[in-house]
Each structure stands twice: as C-alpha cells, then as structure tokens.
Amino acid sequence: MEDPKKMEEGLAQKELHAFRDGNTDKVDKNEDGDGIKKDEEESSSVVLLDGQPEAVKQKSKRIATLDAFRGLTVVLMILVDDAGEAYPRIDHSPWNGCTLADFVMPFFLFIVGAAIALALKRIPRRRDALKKIILRTLKLLFWGILLQGGYSHAPTDIAYGVDLKHIRWCGILQRIALVYMVVALIEALTFKQRQSITEPGHFSIFTAYQWQWVCGFFAFLIYMITTYTLHVPDWSYVDHSKRYTVKCGMRGHLGPACNAVGYVDRQVWGVNHLYQAPVWKRLKACTLSSPNSGPLREHAPSWCRGPFEPEGLLSSISAIMSGTIGIHYGHVLIHFKDHSDRLKQWVSIGVVLLIVAIILHFTDAIPINKQLYSFSYMCFTAGAAGIVFSGFYILIDMWGFRMPFLFLEWIGMNAMLVFVMAAQGIFEGFINGWYYKSPDNTLVYWIQEHVFNDVWHSTRVGTLLYVIFAQITFWAVIAGILHKLGIYWKL
C-alpha cells in the first residue's frame with residue numbers, strides 16, 4: 001500500500017494515474033463500488049452544501065480549508081440576512097458596488113467548484129458520475145423551490161403555502177444547482193479527453209482542463225452578447241391592483257429599469273414569478289431613507305415598485321464562471337502537492353482577477369453589480385474567494401492553526417443543515433409556532449427583547465449580538481455535537 005504521507009485526498013499516485021488513463025481495473029473496489037480502498041477513503045470530497053458525504057476512517061490528510069471556507073460562507077449568510085436590516089452597510093448593495101452580503105453567493109459557487117474536482121475523481125465510471133450529478137441537481141432544485149419559492153414563510157409568519165400563480169422559481173439553491181450541473185457535467189464528460197499531467201507547470205493545468213475553461217468562456221460570451229445587444233422593450237406589472245409601465249426601448253442598459261438580465265427573466269419566468277422585493281428599492285431614486293429601507297418617494301420612478309430576480313437565468317449563466325474558477329482551485333489541489341506550488345497558482349489567479357475587476361469598475365467599463373452578476377463582479381468576488389481560500393489554507397493546513405477555525409469546520413461539514421435551519425429560518429419558525437396567547441409572544445421574541453435589546457438598550461446592537469450568539473454560536477455548537485456523533489445532512 002502507498003505511504004499515507006504521499007496520499008492526498010485519498011488517492012495514491014498510481015491510482016490517480018489509473019483514473020486519468022481510464023483504467024479502473026487497477027483500482028481496488030470497496031463494497032460500495034466507488035473505487036477507493038476503505039482505509040484510504042476520500043475525506044475532503046464534500047460537494048455543495050453537504051459538508052460530509054459519509055463517516056469514514058481518515059488516514060489521508062483532510063484539507064480542512066474546504067470545510068472552514070464553506071462554514072465561513074454560511075456564517076456570512078446568516079450574519080447579513082439577519083443583521084443586514086439593522087446594519088444596511090453590510091446588506092446587499094442596492095445596485096452598483098459590493099458589500100459583505102454580495103460575497104456570499106459567489107463564495108458558495110467557488111467552493112462548489114472546488115469540491116466537484118475532488119468528488120468526481122472518486123467515481124471512475126462515467127455512468128455513475130452522471131447519475132449522481134443529475135440526482136443531486138434535482139434535489140437542489142426541489143429544496144430551493146420549497147425554501148425560497150414562497151411556500152415557507154418562516155421565521156416571522158407561521159403560516160405556509162404559496163399561490164402557484166406567484167411562486168418564485170429562482171433562488172440560491174436553484175442557482176447552485178445550475179452551476180453545479182454544468183460544471184460537474186463538463187468534468188465528468190471530458191474525463192478521457194483530459195491530458196495527463198506528469199510535470200505540472202504553471203500553465204499545463206489550464207491546458208489539461210481546457211474544456212472547463214471553454215465552458216466558462218462560452219458562458220461569458222452568452223452573457224456579454226445578450227446583455228449588450230438584446231433590445232429591451234417597455235414592460236408593465238401590477239402592484240396593489242395598480243398597473244405600472246416602465247419605459248425602455250433600448251440596448252445595453254445596465255441600470256435597474258431596462259437591463260437585459262431582467263428582461264430575460266420576465267420573458268422566461270413571467271413577471272409574477274420574480275422576486276417581489278428587490279434591493280434596488282433602497283436606492284436614493286426610490287426612497288429618502290437610502291441606504292436603509294423606507295417608504296418610497298412620492299414621485300419615485302415606476303420601476304422602484306417592480307419585481308426583479310437577483311438569481312435569474314442570464315445572471316446564473318454568468319455565475320457559471322465562478323464555478324469554473326472554483327474547480328480550477330480544486331484541480332490545483334489535486335495535481336500540485338507542494339504548498340508553495342499550490343499557493344503560487346491560487347494567489348496569482350486571485351490577484352489577476354481582482355486587478356481586472358477594479359480596472360473595469362473604476363473606468364466605468366463594466367460596474368461591479370451583484371444583481372446583474374456582471375463580469376467585473378464575477379472577477380472581483382472570485383478573486384476575493386481565491387485570496388481568502390489561500391489565507392485559510394496557510395493558517396489551517398500549512399501552519400496548523402485549526403482551533404480558532406474549528407467552529408467554521410463544524411458548520412462547513414453540516415452546512416446544508418445550518419443553511420436550512422438558520423439561514424432560511426426554519427428552526428426559528430418552528431419555535432415561533434409555540435406562542436403564549438399571541439403569535440408575537442414567542443420564545444424567540446422574548447430572547448431578542450429581554451436578553452439582548454433591553455440589556456444593551458439598543459435594537460441594532462441587540463440584533464447583532466443575537467445573530468452572533470443565538471444563531472451563529474448556537475448552530476456552531478449543534479454542528480460540533482453532530483460531527484462528534486457522525487451525523488450529517490447530505491443531498
């Protein structure tokens with residue numbers, strides 16, 4: 001058996017070459033037929049929000065950075081979703097620009113891509129890989145529509161149900177499903193066409209996985225051509241029984257009213273199936289309370305009341321590029337065994353992406369815009385993800401500082417559970433279902449008011465501390481306990 005010190009992600013060198021050459025007869029099969037020996041099981045092959053696919057014996061070194069980065073992304077989501085109203089500076093940017101909340105989605109897609117590279121190398125049979133990809137995609141779509149389609153009203157409203165005439169078809173998990181499906185299918189279908197890497201150079205990793213980059217470039221072309229050439233006509237919608245009309249008749253517009261991203265979603269999904277409370281309502285053109293939420297101006301533009309889908313179809317095609325960058329980081333992790341070689345690859349591409357984004361934004365060529373998922377936004381957030389990932393790798397896997405980040409690892413290994421229960425408010429909604437005399441008199445409300453707000457004599461500070469301790473810390477402890485028990489929620 002190979003020296004465990006030479007193992008990385010559960011594969012010996014001779015097994016990895018067997019996978020590249022398509023010769024799986026040389027690989028011992030375990031009883032699950034996944035092509036990995038039981039005592040050399042892949043321990044870092046988590047995909048999407050799963051965190052941990054199965055409890056295994058770990059003799060190979062686990063790349064803890066993957067779990068910590070995933071956990072960080074979930075923590076950021078909880079923080080900005082629940083404290084963003086009290087601190088609008090960390091909430092989503094109303095239009096151009098980038099705030100803390102705007103990093104969450106691309107960070108998810110980045111780690112999805114990195115995890116795909118590690119997970120699919122464990123499945124030598126293409127048919128098995130395709131079956132797993134399709135099944136996981138369907139599961140993500142199901143949970144996405146259930147949680148964000150309007151059926152669940154948690155945590156504030158204990159009612160449930162949605163009018164199918166107004167169901168929202170898009171959302172966070174739906175976008176992850178699309179990106180995962182495309183990136184993973186390219187990875188699985190181009191396995192035999194992939195060049196074997198014997199002496200990894202700085203650019204050989206790009207040519208070896210050229211089809212992934214071709215896919216990313218194709219997504220870039222579709223997005224850019226459609227965004228700048230599609231003619232956007234006038235459109236209308238109904239709000240509180242009153243019909244509003246937005247005058248457009250233009251091409252290449254990147255403002256809220258007449259961009260091609262919104263037009264494609266209105267045509268594909270229908271205006272009733274889009275997100276009804278877009279963040280552009282916090283723009284100065286719409287409210288005097290900007291950047292906070294507030295009542296609309298008396299003569300606010302008609303588009304201020306209109307719907308817009310931030311996880312729509314065209315912007316999700318652009319998001320495929322984030323997954324492509326992520327899977328490149330996963331490929332580097334597989335093929336480069338030296339810490340310095342990995343970091344040279346990761347940091348260099350991260351810095352290049354940041355420079356490109358800054359130039360595009362500050363020259364007004366392509367503004368950084370999360371709602372449109374503009375090319376500069378993709379570059380800026382993917383570059384930031386690469387730098388943060390590299391920093392985590394240095395601290396956790398190189399220098400061994402795992403203890404300060406252990407709570408992030410726990411959350412990252414059970415990220416789907418924390419995402420559903422905390423970020424989507426399902427657990428709070430369940431608690432709110434048990435009230436005394438009035439639906440407003442719940443345990444959650446009592447803790448917020450009397451343990452945090454009243455003690456600190458500030459709703460803003462109390463809200464922030466509630467999110468940190470009653471949500472993030474609470475679920476970190478729960479995730480840690482479940483990790484010790486070997487319990488994980490996997491898709």
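Summarising the geometry, atom CE belonging to Met398 is positioned 10.5 Å from atom OG belonging to Ser390; distances are rounded to the nearest 0.5 Å. With rounding to the nearest 0.5 Å, the separation of CG in Leu314 from CE in Met224 is 11.0 Å. Between atom CD1 of residue Ile349 and atom CD1 of residue Ile205 there is a gap of 10.5 Å, rounded to the nearest 0.5 Å. Put simply, CE on Met413 and CZ on Arg70 are 10.0 Å apart, with the number rounded to the nearest 0.5 Å. Distance check, rounded to the nearest 0.5 Å: CD1 of Ile123 to CZ of Arg125 gives 11.0 Å.
Listed here is the closest heavy atom pair of Val183 and Ile327: CG1-CD1, 3.6 Å. Pro367 approaches Ser374 most closely through the heavy-atom pair O-OG, 2.7 Å. For the residue pair Leu254 and Leu372, the shortest heavy atom distance occurs at O-CD1, 3.7 Å. Shortest non-hydrogen contact noted between Ile426 and Ser152 is CD1-OG, 3.6 Å. Listed here is the closest heavy atom pair of Ser93 and Cys98: CB-N, 4.3 Å.
With respect to Lys131 and Asp128, no salt bridge is recorded, no charged nitrogen being found less than 4.0 Å from a carboxylate O. Here Arg175 does not pair with Glu309 in a salt bridge; the nearest charged N to carboxylate O distance is not below 4.0 Å.
Ring pair Trp489/Trp143 is perpendicular by interplanar angle, where above 60° counts as perpendicular and below 30° as parallel. Between Tyr329 and Phe110, the angle of the ring planes goes over 60°, which puts this pair in the perpendicular group of the 30/60° scheme. The aromatic rings of Tyr393 and Trp346 sit perpendicular to each other, their planes meeting at more than 60°, with 30° as the lower class boundary. Ring planes of His335 and Tyr209: tilted class, angle from 30 to 60°. Between Phe103 and Phe380, the two ring planes are tilted [angle within 30° to 60°]. The aromatic rings of Trp280 and Trp95 sit tilted relative to each other, their planes meeting at an angle between 30° and 60°. Ring pair Tyr151/Tyr160 is tilted by interplanar angle, where 30° to 60° counts as tilted.
Tested against His331, the residues Gln212, Glu187, Lys121 include a single side chain to side chain donor-acceptor pair (under 3.5 Å) partner, Glu187.
More than 12 heavy atoms of other residues, nucleotides or ligands sit less than 6.0 Å from atom OH of Tyr228. Around CZ of Phe220, the count of heavy atoms belonging to other residues, nucleotides or ligands within 6.0 Å exceeds 12.
Residues Thr99 and Ile90 form no side-chain contact, since every pair of their non-hydrogen atoms from C-beta on lies 4.5 Å or further apart. You'll find the side chain of Trp475 stays beyond 4.5 Å of the side chain of Val75, heavy atoms only.
For Ser318 and Tyr377, the side-chain atoms include no donor-acceptor pair closer than 3.5 Å.
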